[in-house]
Amino acid sequence: MIKRIVVLISAFFLAGMPAFSQETKVRIDGELKKWHKVTLSFEGEELAESGVENPFLDYRLNVTFKNGDKTYLIPGFYSADGNAGETGAKSGAVWQVRFRPDVEGEWTYSTSFRKGKAIAVSDAPDEGEAVQFNGASGSFTVKKSDKKGRDFRGKGRLSYTDKGYLQFQETKEYFLKGGADSPENFLGYYEFDQTPGSHKYELHAKDWKHGDPTWKNGKGKNIIGALNYLSSKQMNSVYFLTMNVQGDGNDVWPWNDINERYRFDCSKLDQWEIVFDHMDAIGLMLHIVTQETENELLLDIGQLGVQRKLYYRELIARFSHHLGVTWNLGEENGPLSWTPKGQDDKDRKAMAKYLKTHDPYGNFVVLHSHAHNKAQDLFLEPLIGYEFLDGPSMQTHHPKDVHERTIKFIDASKKSNKRWIVSQDEIGPADTGAKPDAADPEHNEIRAQVLWGNLMAGGAGVEWYFGYKFAHNDLNCEDWRSREILWDQTKYALDFFQRHLSFVKMQSADSLTNNPEDYVFAEHGKKYAIYLPQVKETKIDLHDVKGRLYVKWYNPRTGGKLEKGSIKRIKGGKKVSIGFPPSKEKDWVALITTSKK
């Protein structure tokens, strides 16, 4: 049950203001539980999205939440009538702040609400003048979450670690990504307010379930159904642009007009929030891509100025509370011959720093790369070791390069002050990517070279891009079932790593075998995984290992239990054959451990 509290509090204005108090209504909505969203709503003066006074730029709401030694400064936002997703309101007097408590017990809050020219992008606490409900304070009590299964509210926030993988703060489980990179204009959905109808997702209407969210008397069932389907296939991430003005799709933007940069669409953004809340509940990460190569100069000519700061602040205020967030600085970032005008290294660092330091939860920050190796090196190498960037969002033109390129950036970052988490988020060639099952029912190449190539290098997982020459591609995909076999194969890979490997302790060790085509992932002396894209006689060097080890096999095409092969046991101290899997057809994975289990 959603808990709603209306509190009457005394708001005392701060230093420099007249010493008087006023009764302020504060409404607290949400399940008051750890890792659940709590929304505080305050009433101020009547304003409008397009009014004379700009509520987005010239007002600033910040709320400080405290519990013991925990303190969070959370930015708030103008929300029209407080229910714009349902009403379509463009004016109103309500301001909101969304917060995710990470400990149980009593939380206190206090507000700073100030007015001034462009104050929203100022970090000076005393900028402008205190107004209306400035100084309002109160408290609420948070209990333990009751969520289980895929629901992120039972797992906690996904956070960066220096182990090469994201980790859930509550369960301490490490996260491996598998999901959809297409359609990139996922939010170009026809039932969002002021959105061109690029997508309808009608084939996923049947996947909506009774009790799932909608808005405006039943809108949103198709997009919610699509997410339900992806979650049912055990995927855990979706890549999408929040702004593609002048880009490939030109159908997604957060503002109240495609040509506006300072005023936001309250109803549309509330409708996005309904979808994002559902993603938390069904275990899907929000991979938020904030721009693409065609528009990286759209805001402030690429620099970190008022427009870009305001855009980031609004995204952070509305969406940073979600438990699985990746902030992507931009798709294919940086100028090349075919996209000659772009941001520079200084711009990239400024964006990363702003997001990392202004997001109160410190969510994961990445940069999407260009596709070819030289272009990747050109823009990524200067960022290795930069404290505010958590990793690259890799685009790779040739599938065969994925394994090597993943190892390159993992190893380079290990030598710096900031180890990167390296995901494979787009696969080329651009016209091909991951083909539909109808065109490529086995997915042999990308399963071997991309999926297992990334994971066996110590990568953090994959998202699948759909090439433009095939049905349901990166801009017009309407049916995620078009890649159902690929989702299954992705799940089988993630299952193997989660169930059978201590992958956080392991690293790429391809040189241990005499097979130049295989991938080796090792916790030396204890556990080895060997991926064979084609079955052939393979020997592993165990000179430094004493005693017996046990060999079992995993089928990456069908998943399931480990199987016995031609050899059950091998002995350390020398180079030794690992034997053969139950079948010599196609690819197999050998699991070699010191334990019989």
Side-chain angles (χ1 to χ4, degrees), residues 1-5 27-41 63-77 96-109 138-161 165-177 179 211-213 224 227-228 231 234-238 270 272-288 315-327 356 359-365 390 498:
M1 176 182 290
I2 300 295
K3 188 167 185 178
R4 174 172 292 178
I5 304 172
R27 195 180 76 208
I28 303 177
D29 292 304
E31 295 176 302
L32 300 181
K33 297 175 182 177
K34 186 179 181 182
W35 303 118
H36 292 230
K37 181 174 73 172
V38 178
T39 303
L40 274 62
S41 300
V63 180
T64 301
F65 293 86
K66 292 184 178 181
N67 178 310
D69 60 357
K70 292 268 188 178
T71 299
Y72 287 95
L73 179 66
I74 310 293
F77 57 93
Q96 292 183 333
V97 62
R98 294 168 178 159
F99 175 58
R100 295 270 180 167
D102 57 357
V103 295
E104 299 169 36
E106 183 181 65
W107 284 86
T108 63
Y109 64 86
S139 66
F140 53 88
T141 300
V142 170
K143 297 182 180 179
K144 182 179 180 180
S145 175
D146 58 350
K147 302 303 180 184
K148 298 179 180 180
R150 291 181 59 81
D151 196 320
F152 284 171
R153 291 171 294 181
K155 297 174 180 283
R157 180 173 301 281
L158 271 175
S159 296
Y160 167 87
T161 74
Y165 302 93
L166 296 172
Q167 184 181 37
F168 287 107
Q169 290 184 8
E170 182 69 22
T171 63
K172 306 305 179 184
E173 169 192 353
Y174 287 95
F175 179 82
L176 289 171
K177 182 169 70 173
D212 285 344
I224 294 294
L227 294 167
N228 284 347
S231 177
Q234 304 298 300
M235 296 298 96
N236 56 28
S237 183
V238 179
D270 275 1
W272 288 6
E273 174 69 1
I274 292 170
V275 172
F276 298 164
D277 277 342
H278 190 64
M279 291 174 70
D280 274 345
I282 61 175
L284 293 172
M285 170 189 278
L286 282 64
H287 188 162
I288 301 173
L315 292 180
I316 290 168
R318 287 179 171 273
F319 307 129
S320 67
H321 66 89
H322 289 285
L323 297 172
V325 172
T326 296
W327 295 119
K356 202 69 174 178
D359 177 344
Y361 306 102
N363 285 303
F364 189 46
V365 176
D390 298 323
Q498 293 285 7

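Contacts of H287 classified as ring pair (Phe, Tyr, Trp, His ring centres under 6.0 Å), with partners at least two apart in sequence or in another chain: Y239. Contacts of Y160 classified as ring pair (Phe, Tyr, Trp, His ring centres under 6.0 Å), with partners at least two apart in sequence or in another chain: none. Looking at residues two or more places apart in sequence or on another chain, you find a side-chain hydrogen bond (donor to acceptor under 3.5 Å, both in side chains) between D359 and W327, N363. Under the salt bridge (charged side-chain N to carboxylate O under 4.0 Å, His left out) criterion, D212 pairs with no residue, sequence neighbours left out. Under the rule for a ring pair (Phe, Tyr, Trp, His ring centres under 6.0 Å), Y174 has no partner lying at least two apart in sequence or in another chain. Applying the side chain to side chain contact (heavy atoms under 4.5 Å, CB included) test to T64 and every residue at least two apart in sequence or in another chain returns K66, T71, L73, S110. Shown here are the side-chain hydrogen bond (donor to acceptor under 3.5 Å, both in side chains) partners of H36, two or more places apart in sequence or in another chain: E31, S145. The side-chain hydrogen bond (donor to acceptor under 3.5 Å, both in side chains) test applied to T39 returns no partner, not counting sequence neighbours. The salt bridge (charged side-chain N to carboxylate O under 4.0 Å, His left out) test applied to K356 returns D390, not counting sequence neighbours. Among residues two or more places apart in sequence or in another chain, the salt bridge (charged side-chain N to carboxylate O under 4.0 Å, His left out) test is passed with K177 by D425, E463. Residues satisfying the side-chain hydrogen bond (donor to acceptor under 3.5 Å, both in side chains) criterion with K70, sequence neighbours excluded, are D102. Under the ring pair (Phe, Tyr, Trp, His ring centres under 6.0 Å) criterion, F99 pairs with F65, Y72, W107, not counting sequence neighbours.
Here the side chains of F168 and F175 are in contact, with some heavy-atom distance below 4.5 Å. With a 4.5 Å cut-off on side-chain heavy atoms, P360 and I316 count as touching. When side chains are defined from C-beta on, I28 counts as touching V38, because their heavy atoms get closer than 4.5 Å.
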Could you walk me through whether V275 and I224 pass the side-chain contact (heavy atoms from CB on, under 4.5 Å) test, one step at a time? CA-CA 7 Å; V275 172; I224 294 294; 4.2 Å; yes
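A salt bridge does not link K147 to D280: none of the charged nitrogens lies less than 4.0 Å from a carboxylate oxygen. No salt bridge links E273 with R318; every basic N to acidic carboxylate O contact stays at or beyond 4.0 Å.
Using a 3.5 Å distance cut-off with no hydrogens or angles, the side chains of S41 and Q96 do pair a donor with an acceptor.
Figure legend: cation-pi geometry between R100 and Y361 absent, as NZ or CZ is not positioned both under 6.0 Å from the six-membered ring centre and within 45° of its axis.
The shortest heavy-atom contact between G154 and T171 is O-CG2, 3.6 Å. Between E170 and K34, the shortest heavy-atom contact is OE1-NZ, 2.8 Å. Smallest separation of non-hydrogen atoms from P213 and I274: CB-CG2, 3.7 Å.
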